[in-house]
Amino acid sequence: MRILIFHPHLDVKGGSERLTRLLSEGLREAGASALVVSLRRDPEWFDEVLTIEDPRDLNGIVRRYNPDWFFLAISETHYLRFLRDGPRVAMYVHFPLEEEVTEENIEDYRRAGRFLEVDLEELKRVDRIFVNSSFTARAVRMVWGRDSVVAHPPLEGMFLEEEARVRDFPPPRIIYVGRFTPLKRQDFLIMSLEVIRRTVPQAELILSGFPDKRHTSYFEEIKRLSERTGGVRIVISPDDRELLELYRGSRVYAHPRIGEHFGITPCEAMACGIPIVMRGPTGLKDITDRFIAESDWSFLEAIIEVLKMEEGKWFELSSTMRERVLGLTPRGFAEKILGGLR
């Protein structure tokens, strides 16, 4: 099977961009032919990518490559206008609404190739819709009235290796990994550290991730709050090996985002054997129902519970967490996609 994968901006280090790379790698491993096309790319993450300057070039590329499927790695049906003829169309949906757009940053999104709308007539051209969780599948059904296939995002292979597993009991350190955007709620974790320290005085917080140029003012605010609070370390744009060590040196992964569609970074932490605490509702309930809090207060209580666990009980929980995500491989993800396309 020949698949052309299109994502407009592969110069941002986020979940959809990482998924695009892992999908292409998994498809090739599964024996399919995959060509990735984008308007821009980050050379550190992407090398085998065909970049174009004008989306109108898509039709010519489709004619030359002659794929069986045109795969939109993000829900931007506008690009289908540039396909006058060609293959069947599939689309991976992280969520049917763009939740991070504001009046202040909307032009930044548009400059990145985002049209921020799904035209229902264009949506009719999409033959198959894939989503990251049952949570997102319900949203797609409610918003678009379409059924979809759940294909949980994969992890980088290094996180699934036995060497990634934590060996030594970590200090009372909390970690959170994600782009610095308001919906991720890094500010809430910083403010919560004072409450947590009333019970666990040695508690520390690590905030790691990639700054998003569409949310620069929020990132600057996070830096100011961190300096004022103390006990907070910000790690910018870690490579995968550095990220692995950050996970392995932490006792709990805290994810305060409300309504997280799935959550690949908590899965990375779980693969390392780090217990996670999620703020519900969340699509990660497909993977685990442990420590999913229904309020901010119960979220903090769960973090404190993990921080105070005795070593033996903590390692039992660590093993359980790791087992839940070992099936999230790029090859397995690609086979799920291929199965849905056949």
Side-chain angles (χ1 to χ4, degrees), residues 5 7 9-10 12-26 42 44-46 73-75 92-95 99-100 130-137 139 150-161 164 175-181 183-186 206-210 212 235 237-244 246-248 250 252-288 290-292 321-334 336-337:
I5 306 169
H7 190 300
H9 50 79
L10 294 178
V12 178
K13 291 185 175 181
S16 69
E17 293 81 11
R18 184 185 289 269
L19 181 140
T20 300
R21 179 167 57 80
L22 294 178
L23 172 59
S24 64
E25 293 173 0
D42 184 302
E44 183 182 350
W45 267 22
F46 297 94
I74 200 165
S75 49
Y92 195 90
V93 179
H94 298 268
F95 205 66
E99 301 168 281
E100 294 183 347
F130 296 90
V131 295
N132 51 13
S133 67
S134 300
F135 180 89
T136 300
V150 176
H152 298 129
L155 295 176
E156 296 275 2
M158 59 173 287
F159 292 107
L160 301 171
E161 296 172 359
I175 186 170
Y176 181 38
V177 179
R179 287 180 301 113
F180 290 91
T181 71
L183 279 182
K184 300 295 186 182
R185 302 183 77 204
Q186 286 95 344
I206 291 179
L207 299 175
S208 182
F210 301 99
D212 190 324
V235 181
S237 304
D239 61 32
D240 288 338
R241 285 292 166 186
E242 184 180 4
L243 185 57
L244 181 66
L246 290 175
Y247 286 136
R248 285 157 49 97
S250 303
V252 61
Y253 179 96
H255 200 90
R257 160 93 191 255
I258 299 172
E260 181 64 78
H261 319 139
F262 182 70
I264 199 63
T265 53
C267 289
E268 290 175 348
M270 291 171 68
C272 297
I274 308 304
I276 66 167
V277 175
M278 296 281 291
R279 176 63 164 83
T282 169
L284 205 65
K285 201 168 185 178
D286 288 355
I287 302 297
T288 179
R290 296 292 302 273
F291 294 111
I292 295 179
M321 287 284 179
R322 177 170 165 80
E323 289 171 2
R324 297 289 178 89
V325 298
L326 291 181
L328 299 178
T329 65
R331 174 71 176 266
F333 176 65
K336 180 74 174 181
I337 297 294

Test item: N132 side-chain N/O and H94 main-chain N/O as donor-acceptor pair under 3.5 Å: yes

Pair V235-I206, side chain to side chain contact (heavy atoms under 4.5 Å, CB included): steps then yes or no: CA-CA 7 Å; V235 181; I206 291 179; 4.2 Å; yes

Qualifying salt bridge (Lys or Arg N to Asp or Glu O under 4.0 Å) pairs, either residue in residues 262-277, two or more places apart: none

Under-4.0 Å salt bridge between E25 and R21: yes

Partners meeting ring pair (Phe, Tyr, Trp, His ring centres under 6.0 Å) with F333 (sequence neighbours left out): Y92

Short N-O contact, R257 and E99, less than 4.0 angstrom: yes

Ring geometry between H9 and H7 (parallel below 30°, tilted from 30 to 60°, perpendicular above 60°): perpendicular

Reported CZ-to-CD1 distance for the pair R324 and I287, which is rounded to 0.5 angstrom: 9.0 Å

Pairs involving residues 259-284, ordered by first then second residue, that meet ring pair (Phe, Tyr, Trp, His ring centres under 6.0 Å) (sequence neighbours left out): F95-H261, H152-F262

Side-chain donor/acceptor of T136 to backbone N/O of V131, under 3.5 Å: no

Rounded distance (nearest 0.5 Å) linking atom CZ of F210 with atom CG of D42: 8.5 Å

For E323, side-chain contact (heavy atoms from CB on, under 4.5 Å) partners two or more places apart: none

Euclidean distance, C267 SG relative to I276 CD1, rounded to 0.5 Å: 6.5 Å

T181: partners by side chain to side chain donor-acceptor pair (under 3.5 Å), with sequence neighbours left out: E100

Inter-residue atom distance Y253.OH - M321.CE, 0.5 Å rounding: 12.5 Å

Q186 side chain vs R179 backbone, donor-acceptor pair below 3.5 Å: yes

Backbone N/O of M270 and side chain of R322: donor-acceptor pair under 3.5 Å: no

Set of residues satisfying side-chain contact (heavy atoms from CB on, under 4.5 Å) with respect to A334, sequence neighbours excluded: L27

No-hydrogen, no-angle side-chain donor-acceptor test under 3.5 Å, D286 and S133: no

Separation of L155 CG from L22 CG (nearest 0.5 Å): 8.5 Å

Under 3.5 Å donor-acceptor, S250 side chain and L246 backbone: yes

Sole residue of K184, R185, E260 in side-chain hydrogen bond (donor to acceptor under 3.5 Å, both in side chains) with H255: E260

From NZ (K336) to CZ (R331), nearest 0.5 Å: 16.0 Å

